[in-house]
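Right, one structure below, let's go through it.
Here is how names work: the chains are called A, B, and so on, in the same order as the sequence lines, proteins then strands, and each is numbered from 1. Predicted, not measured: the structure shown is a model, and the values here were computed from it.
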2 protein chains.
Amino acid sequence: MLTERQLLILQVIIDEFIRYAQPVGSRSLAKKANISFSSATIRNEMADLEELGFIEKTHTSSGRVPSEKGYRFYVDHLLSPEMISQQDLDKIRSLFTERIYELEKIIQNSAKILSDLTEYTAIVLGPTAKENRLKRFQIVPLNDDTAVAIIVTNTGHIEHKLFSFPGTITRSDIEKMVNILNSRLKDVPLIRLREKLFHEVVTLFKHHMENYEYLLQTIADVLNINQHEKLYYGGKMNMLKQPEFRDVEKAQEIFSLIEDEDGVYQLLRKMPFGLNVKIGSENRIQAMEDCSLITATYSIGDDQVGTIAILGPKRMQYSRVISVLNLLSKQLTDSLSRLYDS
Amino acid sequence: MLTERQLLILQVIIDEFIRYAQPVGSRSLAKKANISFSSATIRNEMADLEELGFIEKTHTSSGRVPSEKGYRFYVDHLLSPEMISQQDLDKIRSLFTERIYELEKIIQNSAKILSDLTEYTAIVLGPTAKENRLKRFQIVPLNDDTAVAIIVTNTGHIEHKLFSFPGTITRSDIEKMVNILNSRLKDVPLIRLREKLFHEVVTLFKHHMENYEYLLQTIADVLNINQHEKLYYGGKMNMLKQPEFRDVEKAQEIFSLIEDEDGVYQLLRKMPFGLNVKIGSENRIQAMEDCSLITATYSIGDDQVGTIAILGPKRMQYSRVISVLNLLSKQLTDSLSRLYDS
DNA sequence: TTTAGCACTCTTTATTAATGAGTGCTAAAT
DNA sequence: ATTTAGCACTCATTAATAAAGAGTGCTAAA
C-alpha cells in the first residue's frame, strides 16, 4: 500500500512527464508548490516507487519516467477528471447545432473534432446495428445492359452497386423481381437476407421468371456488401507532433498500423461497452507498445452501438482525453437517439 | 547548345542522383561503363554545366546535384521512355480483369496501384462530367417524420441525404412530389437542376400540393450536393520513404498539403489535358518546392474527364512515372469508355 | 584537347574533455 | 525515527579538436 506522500509524488511525476516528455528529477519535483519536503526525501520515495515498479530510470543517473504499471495505477487511482473549457464544449456542441441530418456526416465530424480537441489521432467506428433491417430494395436501369441496385436500411443507410445483365432480361423482368424482393425482404434483418433470399425468394423466382439464375447471383452480391461499418479518422498526422514519433521509422510503423483498416476495425470491435483504456503493451500489438488507446461507446436507441477512440502516445493526457471521450460519447448517444431512433 | 558529351554527362548525373539521392562526383562518373573520358575532363564539363545552370553544388567541394532547370531539361530532352515489366503490366490489367462494375472502385484501386507501382503518392480525381444527368429521383420514408432522398445519375453515381419533415406532410404528398420531380427533371443535366426546380417545378407544386415550401427547400438541398468529384489517394505514407522527408517538419508540411483536399482539387483541376510535369517551384506553392507533380488525364466517352497524378520528390523517377501514368490513363480511357459510355 | 597531379575545401566521423543534471548513500539535524 | 544536507559518482549532452575522405579547380604535361 502506498503512503499519501508516495501517491502525491507518483502523481506529480506522471503529470510532469506527460506535460514535458522529459524524465523527472528530484530537484525539480521539490520546487513544485504542492511539495513541501526536500529533494533527498523525494529521492528516497522515488527509490521505493521504483522498487514497486511504478517508475523507471532511463539510465543509472537519470530522472524517473512512468512505467506501464505506473500509468495503469495513475489511470485507475490518481486521475482527477478534467474540466472541459467552455470553448471546447462549444466545439462539441457545434456537431449537433447545425442541422445536419446525415448520420454519416455527424460521425465523421466527430472524428475531426475529437482530434482537434486532443491533438491525437481520433478513430470513430460508425454505428453497427445488431438489427439493421432492409427498408427498400430498388433497381434503376441506366441503359439496356447496366443498372444500379440500391438498398436502403431502416437507419437510412444506403448501399449501391452497379451491375450489368444479359440482354435476355427485360425491364419487366427486373420490375417483377424488385417487387418480389421488396414484398419478401422488407424489414428482414440484413444478416438474414442471404438465407431468406436463397430459401424463400428463390422459389418465387422460379415460378414467375425465366433466366433468374444470373440475376439471383447479382442480387446476392449486392446484398452482401454492407459487411461492417465504416471507420472515420481524424488527425492522422497528429502523431507526428509527438516527440516519441520524431523518428520516421517509428512514425511509419504506427502509420501502417493506422492505415490497416481491417486491423483497426477488429481492434475497436472487441472493445467492451463504455470507457476503456489500454496502455502500451496491453494492446497486445507490437507496433502499439508505445501507444495508448482509449475507447468509448455510444449508442443510438437500444440497437445500434458505435465506438469513438483516441490513439496517442503512452504519455497521453489521460485525464483530458477520458473527459472528452466521456462527454462526446454521451452527447452522441443523446442526440443521435433523439434524431434517429425509430 | 550543349555538346553530345555534355548531354551524356548531364543525363548520367541526373540518373545517378535520382537513384542514390547523393551528390554525384567526377570520379564516380568516370567509372561508369558508358563514359570513356577522365574525371578531369568531366570536371571541366561539369563546371560548364554549372555555369549554364543545369547542375549545382551543395558546398564548394561537393559533387553536383541537378538544379530545377536541370530536371526540366532532363524531362524535356533526355528522357528515354521506360519499359514497363510484365509484372507491372499485369498489376495494371488486374484493375479491369476482375469484373468490378463499380466505377468508384476502379478509380479508387487505380490510386492504390499507382502508388504501389511508383512508391510515391498517387492522387486520382474521379471523372467530372460536363453533362451528368439525373436518371431518377427517389424518396424512401423511414418513419413518420424522416426519409432519405436518393438521386441516381446516368453514370450510375448515387447521392443521398436524410431529411426530416413536419407531420403535416403525408406520404401521398411525398409520392406526388416524387412523380412530379421525375417527370420534369429526368435527363436534366445536374447543373441545371436548381434553376429548373425553382422555375418550372415550383409552379406544379403550387397546383398540386399544400405546404410545399418546406419540401422544396429540402429537395433543393439534396440536389445541391454533388459539388465536385471525389479525390482518391494511394500511398500517402510513401512520402516518408523518401530521404528528403526524413525530417519530420518537412513531412508535416507536405502532409498538410496533401490532406487539404480542396487545395489539391483546385490544383488538379487546372491541369491541362494529357500528360503534364510540374517540377518544384513550377507548382507555385511554397510547400511543394521540393516536390514534383505529374498528371495525366483519362476520359470516359466524350463527356467525362478525370485526372490521375503522382506526387513525389523533385528527385523523382520521371521516366518510370511518366510511362506508368501514360499507360494507365490510356487503359482507363479505353476500358471505362467501353464499360460506362452510354 | 585531354589528362595526370596536386593543393585546397568542406563534410563526416571519431576522440577527448568539460559541463551539468541527477542519483545513492552517509551522517547530521529535527 | 524521519528528514535533510552534503558529497562522490554516473551518464548524457555539448563543444572542441583532429583525422580521414570525397570532391573540386587549376596547372602543366601528354
Using the ring of each side chain (for Trp, its six-membered ring), is B:Phe17 parallel, tilted or perpendicular to B:Tyr71, with breaks at 30° and 60°? tilted

Do B:Ser26 and B:Arg43 pair up side chain to side chain, a donor and an acceptor below 3.5 Å, judged on atom types alone? yes

Any salt bridge between A:Glu244 and A:Lys250, counting N to O under 4.0 Å? no

Taking a pair to mean Watson-Crick or G-U wobble geometry with both distances below 3.5 Å, D:dT27 pairs with C:dA4

Can a donor-acceptor pair be found, under 3.5 Å and without considering hydrogens, that links the side chain of A:Thr297 to the backbone of A:Thr307? no

With sugar-phosphate taken as primed atoms, P, OP1 and OP2 and all else as base, the protein-contact string of nucleotides 10-30 of chain D at under 4.0 Å (heavy atoms; B, S, -) is BBS----------BBB-----

Rounded to whole Å, the CD1-C1' distance (B:Ile9 to C:dT2) equals 12 Å

Please evaluate residues B:Glu68 and B:Lys314 with respect to the criterion salt bridge (charged side-chain N to carboxylate O under 4.0 Å, His left out), reporting the C-alpha separation (whole Å), side-chain torsions for both, the decisive distance (0.1 Å), and the verdict. CA-CA 8 Å; B:Glu68 226 160 77; B:Lys314 254 192 320 204; 3.1 Å; yes

Pair assignment for D:dT13, Watson-Crick or G-U wobble, requiring both distances under 3.5 Å: C:dA18

A:Lys112 side chain to A:Asn109 side chain, donor-acceptor N/O pair below 3.5 angstrom: no

Axial cation check for A:Phe54 ring with A:Lys69, 6.0 Å and 45° limits: yes

Under 4.0 Å protein heavy-atom contacts per nucleotide of nucleotides 13-18 of chain C, with B for base, S for backbone only and - for none: ------

Can you measure B:Ile35 atom CD1 to C:dT3 atom P for me and round it to whole angstrom units? 12 Å

Would you confirm whether B:Asn283, through its side chain, and B:Gly280, through its main-chain N or O, come within 3.5 Å as a donor-acceptor pair? yes

Just how far, in rounded Å, is P of C:dT3 from CD of B:Glu45? 11 Å

C:dT11 - base-pair partner by Watson-Crick or wobble geometry, distances under 3.5 Å: D:dA20

